[in-house]
K.L.:
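My structure is below; once you've seen it, I'll send some questions.
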Number of protein chains: 2
Amino acid sequence: MDCVIFGLEGDELKVLLIQHDEGPVEGQWALPGDYVRFDIDLEEMPSIVLKQLTGLENVFVELFDVLGKINRVTHQRVITAAYFALISTEKYELKKGLEARDIKWMDIHNIPKLIYDHNEIINRGYEALKLKLRREPVGVELLPRQFTLTQFQKMYETILDIKLDTRNFRKKILKEDILIDTNQKELNVPYRAPNLYTFNAEKYDTLKAKGYFLNIY
Amino acid sequence: MDCVIFGLEGDELKVLLIQHDEGPVEGQWALPGDYVRFDIDLEEMPSIVLKQLTGLENVFVELFDVLGKINRVTHQRVITAAYFALISTEKYELKKGLEARDIKWMDIHNIPKLIYDHNEIINRGYEALKLKLRREPVGVELLPRQFTLTQFQKMYETILDIKLDTRNFRKKILKEDILIDTNQKELNVPYRAPNLYTFNAEKYDTLKAKGYFLNIY
DNA sequence: GAGCATATTGTAAATTTTACATAAAGGTAT
DNA sequence: ATACCTTTATGTAAAATTTACAATATGCTC
């Protein structure tokens with residue numbers, strides 16, 4: 001089970017990678033992941049890895065691929081389920097773990113050579129994220145609980161690598177009514193303080209259940 | 001590896017199921033599938049199963065889920081990759097195979113109790129198909145090579161369980177220019193003979209590469 | 001050639017999307 | 001306190017798309 005953990009830092013989309021400290025891949029960088037224990041549901045594995053690595057629970061996680069070429073790993077036949085996770089830069093604390101020498105956020109556009117087919121997994125995970133984000137506002141999972149419309153727009157622009165018209169974007173988002181105006185302003189900014197919003201998850205879930213999509217092109 | 005094989009028969013979406021003839025699940029109905037052999041890429045398994053079962057090659061196949069609860073299969077821990085396949089009712093010939101007592105197309109809305117979590121797998125496969133079909137015209141894979149606009153529309157209506165306005169639907173499809181008019185008419189019909197079209201796969205692939213989607217609501 | 005069943009087509013209104021620029025707010029520097 | 005700087009916030013008109021809606025055309029059967 002491998003996990004492509006996405007995070008936003010400034011204007012960059014990052015992926016969390018770990019450097020192995022032992023075994024045949026010592027010193028090499030890789031995706032966080034683990035073998036599926038026989039006493040644990042596969043579906044629970046991502047949460048376990050996430051919790052260990054970041055201390056976070058209830059993280060947005062989704063399966064996007066399964067890779068099972070006979071020689072994708074050198075020493076034996078390994079099939080892996082690939083999940084992507086979206087975490088908010090707000091409040092995680094990285095925990096290196098015993099087998100990791102180092103752990104690092106790396107820019108999605110500047111990933112070093114990883115073990116096995118992990119570069120390919122990241123590419124596919126990124127494509128899966130982009131595909132999903134164009135239909136559903138899952139990117140809020142990458143933002144703090146309260147965020148500005150500018151942050152929200154930048155999130156789309158960063159991930160999808162597009163430019164959006166601010167006026168039209170705001171019109172569209174506010175009309176959909178899936179954001180809640182907190183009536184609070186961001187503090188300590190050296191210019192006009194922007195308004196803060198939270199994501200209206202209940203409203204969005206209701207709409208989604210009715211077949212609604214928030215398409216961004 | 002399990003495979004939800006979809007086919008259209010008349011106005012019904014069907015799933016291909018097999019009845020086991022031996023082992024602990026003798027007599028019970030199940031999804032076609034197989035254990036992943038150690039000398040074969042997981043990704044090739046669906047094609048192998050499809051070929052054995054229907055004689056068809058180059059079938060549309062896509063991964064939609066992985067199920068790995070520790071007790072999903074009674075006798076041992078089995079993780080399965082679930083694929084769905086779309087086959088044209090035109091030209092397959094079912095081959096029972098040695099381990100199958102019977103093989104049958106069953107209406108998606110009337111599936112009997114299957115082994116393990118196979119009913120759940122079918123439900124998820126159906127949801128994945130609907131989700132995909134609302135964005136991409138993958139349903140052509142279920143039609144004969146040449147098909148009428150009425151067939152094309154009915155395909156959407158059957159799978160998505162919706163009614164579409166014929167005039168608007170045709171306008172939209174023809175404008176998109178992803179169908180090729182063969183200038184042939186269907187033969188042996190006791191009424192006005194409808195025009196036949198083929199799917200313009202090259203054109204569609206080009207559009208898709210540019211980020212185009214054919215949304216149907 | 002009358003009748004029947006399905007195929008085929010257009011138009012106007014409503015909605016959505018697009019393109020585009022200026023004013024407002026709040027802090028900083030003098 | 002005022003001018004300045006940076007970012008936030010907002011409206012309108014044109015174009016494109018979507019929606020609602022029904023009559024005619026075609027080809028076979030009797």
K.L.:
Can you find a pair of side-chain heavy atoms, one from B:Ile122 and one from B:His118, that are under 4.5 Å apart?
P.N.:
no
K.L.:
By the definition side-chain contact (heavy atoms from CB on, under 4.5 Å), identify the one residue from A:Leu31, A:Leu94, A:Leu53 that meets it with A:Ile18.
P.N.:
A:Leu53
K.L.:
Contact list please: residues 177-196 of chain B against DNA chain C, heavy atoms, distance less than 4.0 Å, in numerical order.
P.N.:
B:Tyr191, B:Arg192, B:Pro194, B:Asn195
K.L.:
Suppose we screen for ring-ring contact (aromatic ring centres under 6.0 Å, His included). Which residues come up paired with B:Phe147, at least two apart in sequence or across chains?
P.N.:
B:Phe152
K.L.:
For the backbone of A:Glu43 and the side chain of A:Asp41, can you confirm whether one donor and one acceptor N or O come within less than 3.5 Å of each other?
P.N.:
no
K.L.:
Using the six-membered ring wherever Trp is involved, compare the ring planes of A:Tyr156 and A:Phe169 and label them parallel, tilted or perpendicular (cut-offs 30° and 60°).
P.N.:
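Judged by the thresholds at 30° and 60°, the geometry between A:Tyr156 and A:Phe169 is perpendicular.
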K.L.:
Does any N or O in the side chain of A:Asn215 come within less than 3.5 Å of the main-chain N or O of A:Arg135, such that one atom is a donor and the other an acceptor?
P.N.:
no
K.L.:
Does NZ in B:Lys172 sit with more than 12 non-hydrogen atoms of other residues, nucleotides or ligands closer than 6.0 Å?
P.N.:
yes
K.L.:
Students should find this one: the first and last nucleotides of DNA chain D, 5' to 3', lying under 4.0 Å from a heavy atom of chain A. What are they?
P.N.:
D:dT6 to D:dT12
K.L.:
Contact list please: residues 207-217 of chain B against DNA chain C, heavy atoms, distance less than 4.0 Å, in numerical order.
P.N.:
none
K.L.:
Just checking, is any N or O donor in the side chain of A:Asp11 or A:Thr158 under 3.5 Å from an acceptor N or O on the other one?
P.N.:
no
K.L.:
Classify B:Thr150 by what it touches in the nucleic acid, base, sugar-phosphate, or nothing, heavy-atom distance under 4.0 Å.
P.N.:
sugar-phosphate
K.L.:
Give the C-alpha distance, both sets of side-chain angles, the deciding distance and a yes or no for side-chain contact (heavy atoms from CB on, under 4.5 Å) between B:Leu174 and B:Tyr197.
P.N.:
CA-CA 11 Å; B:Leu174 293 176; B:Tyr197 294 83; 4.0 Å; yes
K.L.:
For DNA chain C, determine which residues of residues 153-170 of chain A have any heavy atom closer than 4.0 angstrom to one of its atoms, and list them numerically.
P.N.:
A:Asp165, A:Arg167, A:Asn168
K.L.:
I would like to know whether B:Leu207 and B:Ile178 meet side-chain contact (heavy atoms from CB on, under 4.5 Å); could you show each step before the answer?
P.N.:
CA-CA 9 Å; B:Leu207 288 172; B:Ile178 52 171; 3.8 Å; yes
K.L.:
Would A:Tyr92 and A:Trp105 count as a close aromatic pair, with their ring centres under 6.0 Å?
P.N.:
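Yes, ring centres under 6.0 Å apart.
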K.L.:
Give every residue pair that meets the salt bridge (Lys or Arg N to Asp or Glu O under 4.0 Å) criterion with at least one member in residues 99-114 of chain A, sequence neighbours excluded.
P.N.:
A:Asp21-A:Arg101, A:Glu26-A:Arg101
